[in-house]
Asks: 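Shown below is the structure under consideration.
Below, read A as the first sequence line, B as the second, and so on, with proteins coming before strands; counting in each chain starts at 1.
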Amino acid sequence: MSPSQSVVSTFQRRLLVWYARHGRDLPWRRTRVPYRVLVSEIMLQQTQVERVVPKYRQFLRAYPTLRALAAADVGDVRRLWYPLGYNIRPVRLHAIARETLARYGGRLPDDGDALRALPGIGRYTAGAVLSFAFGRDAAVLDTNVRRVLGRVFFGPRRLRRLRGDSRLWALAESLVPRGRGYDFNQALMDFGATWCTARRPRCAPCPLRRVCATFPAHARRRRGAES
DNA sequence: AATACGGGGTG
DNA sequence: CACCCAGTATT
């Protein structure tokens with residue numbers, strides 16, 4: 001069951017308006033260089049934005065280009081990564097740099113399957129690179145988008161019954177407005193990270209509450225006894 | 001479908 | 001202490 005066209009366009013429009021007003025100014029939004037976008041996305045895997053920002057700057061100072069990273073010692077790259085965690089990530093990122101140099105002449109491929117064939121790049125990161133570096137209308141589904149779409153389009157009960165992410169991926173892909181993949185995906189993630197948060201979502205001032213399948217539940221709970 | 005993989009932050 | 005965080009790869 002897919003949402004009506006009017007709900008979809010309302011969702012898209014209101015989210016983009018929200019983003020224009022409340023979107024964060026993050027370092028990786030100031031570049032479209034694929035290598036830099038990739039570095040940010042690998043760092044952001046299961047790692048909060050505030051912890052990534054300083055390490056992102058430090059990493060790019062040390063390895064400003066994909067070629068510089070490819071030429072580096074992988075042990076040095078690993079040490080620079082600490083304490084971000086998931087320490088296989090820098091090893092795979094380093095491998096991506098070398099493989100990209102060897103197979104693609106040093107240019108990251110603007111193709112989902114080719115990106116996903118690289119180590120450490122899954123469906124989310126491929127979508128992020130496609131939309132944020134190459135301006136494609138590809139979808140992303142991370143923990144933020146999963147929560148936002150789950151709440152708005154499925155609601156608390158139906159979300160629990162979802163098996164796997166295939167429905168959410170299909171929904172995410174159907175929502176991306178033509179030509180607005182970059183802004184829409186950034187907006188969705190910013191909204192999940194700062195507004196439609198896991199704990200204590202800001203429902204009262206939410207621009208999407210009129211189309212949100214979960215808002216009634218929150219309102220009900222608020223009348224009851226939640227802090 | 002379930003689990004391993006880091007480390008830091010929050011209520 | 002339990003849960004959360006711009007996921008991916010392997011069982």
Asks: Could you walk me through whether A:Tyr124 and A:Glu41 satisfy the side-chain hydrogen bond (donor to acceptor under 3.5 Å, both in side chains) test, starting with their C-alpha distance in whole Å, then the side-chain angles of each, then the deciding distance to 0.1 Å, before giving a yes or no?
Replies: CA-CA 9 Å; A:Tyr124 164 77; A:Glu41 292 303 334; 2.7 Å; yes
Asks: Going through the distances and angles, do A:Asp165 and A:Arg123 end up as a salt bridge (charged side-chain N to carboxylate O under 4.0 Å, His left out)?
Replies: CA-CA 11 Å; A:Asp165 284 336; A:Arg123 192 168 178 181; over 6 Å; no
Asks: Heavy atoms only: give me the nearest A:Leu208-A:Leu15 pair and the separation to one decimal.
Replies: CD2-N, 4.2 Å
Asks: Identify the 5'-most and 3'-most nucleotides of DNA chain B with at least one atom closer than 4.0 Å to a non-hydrogen atom of chain A.
Replies: B:dA1 to B:dT10
Asks: Testing the basics here: between A:Ser131 and A:Tyr182, what is the closest heavy-atom pair and its distance to 0.1 Å?
Replies: O-CD1, 3.5 Å
Asks: When the P atoms of B:dG11 and C:dA6 are considered, how many whole Å apart are they?
Replies: 14 Å
Asks: A:Ile88 or A:Gly164: which one's nearest nucleotide on DNA chain B is closer to the 5' end?
Replies: A:Gly164
Asks: On a heavy-atom basis, which atom in A:His94 and which in A:Leu69 lie closest, and how many Å separate them?
Replies: CD2-O, 3.2 Å
Asks: Taking atom P in both B:dT3 and C:dC3, what distance in whole Å separates the two?
Replies: 15 Å
Asks: Let me have a per-nucleotide readout for nucleotides 3-11 of chain C, 5' to 3', with B, S or -, counting only protein heavy atoms under 4.0 Å.
Replies: BSBBBSS--
Asks: Would you say A:Arg147 and A:Thr197 are linked by a side-chain donor-acceptor pair, where the criterion is simply a distance under 3.5 Å?
Replies: no
Asks: Measure up the A:Trp18 and A:Trp195 rings against each other and bin them: parallel (under 30°), tilted (30 to 60°), perpendicular (over 60°).
Replies: perpendicular
Asks: What are the two closest non-hydrogen atoms of A:Arg146 and A:Leu168, and how far apart are they?
Replies: CG-CD1, 3.6 Å
